[in-house]
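Scroll down for the structure; my scribbles are underneath it.
Order of the sequence lines sets the chain letters (A, B, ...), proteins ahead of strands, with each chain counted from 1. Note that these values count all heavy atoms, side chains included, but never hydrogens, waters or copies made by symmetry.
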2 protein chains.
Amino acid sequence: MDVGKWKSIFGRYEAASFTVNKRFGSMIKEQLQDVLTVEQQMTLSYIKRFGSCTTTELAEAFCVQKSAITAIVTRLAEKGYIHRLRDEKDRRIVYLKLTEEGSDVFQCGEEKVFEVVSPYLKTFSDEEIETFLTLYEKLASQVNEE
Amino acid sequence: MDVGKWKSIFGRYEAASFTVNKRFGSMIKEQLQDVLTVEQQMTLSYIKRFGSCTTTELAEAFCVQKSAITAIVTRLAEKGYIHRLRDEKDRRIVYLKLTEEGSDVFQCGEEKVFEVVSPYLKTFSDEEIETFLTLYEKLASQVNEE
DNA sequence: TTGAACAGTTCAACTCTTGAACTAGTTATG
DNA sequence: CATAACTAGTTCAAGAGTTGAACTGTTCAA
């Protein structure tokens with residue numbers, strides 16, 4: 001009931017996320033220049049966070065088919081930023097790890113992204129940012145329960 | 001100063017937005033099926049909101065080159081969802097408008113997207129959602145001041 | 001009048017994505 | 001044990017989105 005209220009809330013969410021995502025996305029792309037694409041940076045980020053991971057894991061986290069991940073990983077491997085390691089026990093599995101260079105390139109990009117994004121976060125008070133992040137994280141965890 | 005605190009906040013923002021955007025993006029794509037892509041739906045949404053608009057306006061709003069918009073608009077026009085109207089006074093300008101069918105297709109997609117997204121928004125209390133949206137909108141407006 | 005600026009398009013090249021078909025390896029069941 | 005079903009990952013063709021350079025056509029100002 002009160003569908004109108006929720007339509008209005010949905011519309012506000014749509015508009016805000018559209019603006020923030022397009023603008024931040026464009027700034028991030030600009031910072032990464034021609035070194036990495038945004039998807040490639042996120043892929044390195046994911047692997048770095050978990051130390052190593054598989055194609056299947058990445059496909060689930062990114063909500064895409066495994067073949068999409070294979071393509072991205074192949075490009076990153078060609079650039080020398082990732083290497084593939086076969087599991088000795090279960091030889092179907094391929095572990096993805098960052099190379100030394102991949103780790104450096106990621107870190108450098110992340111630093112640049114931080115420099116352009118953080119000024120916007122800093123316009124909020126401590127309390128505001130904490131409230132905002134807590135609610136955003138709550139939304140993320142709800143959405144993650146599939 | 002206190003760079004560590006802002007790195008941590010930045011990391012939390014990155015993680016939450018990654019999860020929410022990938023999951024919602026995938027759900028939205030699934031709802032739109034093979035009728036429209038997400039970008040196409042957002043393009044129709046923008047035109048609908050303003051009644052009519054130009055390629056240049058869309059390129060600015062979407063933070064992409066004009067040629068990217070031309071490609072999307074051409075596909076939408078081929079499907080019969082948009083028509084192009086030259087300005088009679090300044091014949092360089094092309095106004096984009098939805099066709100009857102384009103408006104219907106957009107509305108139908110929007111309804112389906114609402115059905116899958118709104119349940120997640122509804123898990124918040126009235127106060128939480130209002131606080132969250134107010135802060136998200138504040139971020140959007142900050143980011144919009146280029 | 002002519003040159004600069006602007007709106008939009010075209011084109012080649014690239015990345016990302018899907019979905020189907022495939023290879024290779026593992027597990028379960030009779 | 002054999003073999004069928006499943007699993008991990010890759011390959012491939014096709015299509016969407018994107019960039020950046022070159023282009024057409026139009027407007028405007030010096």
Pair A/K112 + A/E30: basic N to acidic O under 4.0 Å
no

Quick test of your reading of the model: are A/D87 and A/K89 salt-bridged, counting only N-O distances below 4.0 Å?
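No salt bridge links A/D87 with A/K89.
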
What's the [atom1]-[atom2] distance between [X] and [N], to the nearest Å?
{"X": "A/D87", "N": "C/dA24", "atom1": "CG", "atom2": "C1'", "result": "14 Å"}
{"X": "A/R91", "N": "D/dG9", "atom1": "CZ", "atom2": "C1'", "result": "13 Å"}
{"X": "A/L36", "N": "D/dT19", "atom1": "CG", "atom2": "C1'", "result": "17 Å"}
{"X": "B/Q33", "N": "C/dT17", "atom1": "CD", "atom2": "P", "result": "20 Å"}
{"X": "A/E88", "N": "C/dA24", "atom1": "CD", "atom2": "C1'", "result": "15 Å"}
{"X": "B/L85", "N": "C/dA7", "atom1": "CG", "atom2": "P", "result": "18 Å"}
{"X": "A/D34", "N": "D/dG20", "atom1": "CG", "atom2": "P", "result": "8 Å"}
{"X": "A/L76", "N": "D/dT10", "atom1": "CG", "atom2": "P", "result": "13 Å"}

So, taking the atom named [atom1] in [X] and the one named [atom2] in [Y], what distance separates them when rounded to the nearest 0.5 Å?
{"X": "B/E128", "Y": "A/L135", "atom1": "CD", "atom2": "CG", "value": "5.5 Å"}
{"X": "A/F132", "Y": "B/I9", "atom1": "CZ", "atom2": "CD1", "value": "12.0 Å"}
{"X": "A/L121", "Y": "A/T123", "atom1": "CG", "atom2": "OG1", "value": "7.5 Å"}

Got a donor-acceptor pair under 3.5 Å from the side chain of A/R92 to the base of D/dT7?
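By the distance-only test, yes, there is a pair.
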
Under 4.0 Å between any heavy atoms, over every strand shown, what does A/R84 touch: base, sugar-phosphate, or nothing? Just pick one.
sugar-phosphate

In this structure, is the centre-to-centre distance between the rings of B/Y81 and B/F106 below 6.0 Å?
no

Result for 5'-nearest mapping on DNA chain C, choosing between A/T37 and A/R86, is A/T37

Near-strand residues of residues 48-70 of chain A, defined as heavy-atom separation under 4.0 angstrom from DNA chain C
A/V64, A/Q65, A/S67, A/A68

B/R75 side chain N/O closer than 4.0 Å to the phosphate oxygens (OP1, OP2) of D/dA16?
yes

Please state whether the rings of A/F62 and B/F18 are parallel, tilted or perpendicular, taking 30° and 60° as the class boundaries.
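If you compare the ring of A/F62 with that of B/F18, the planes turn out perpendicular.
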
With the side chain of B/K29 defined as its heavy atoms from C-beta on, choose the nearest nucleotide among D/dG17, C/dT17, D/dT27.
C/dT17

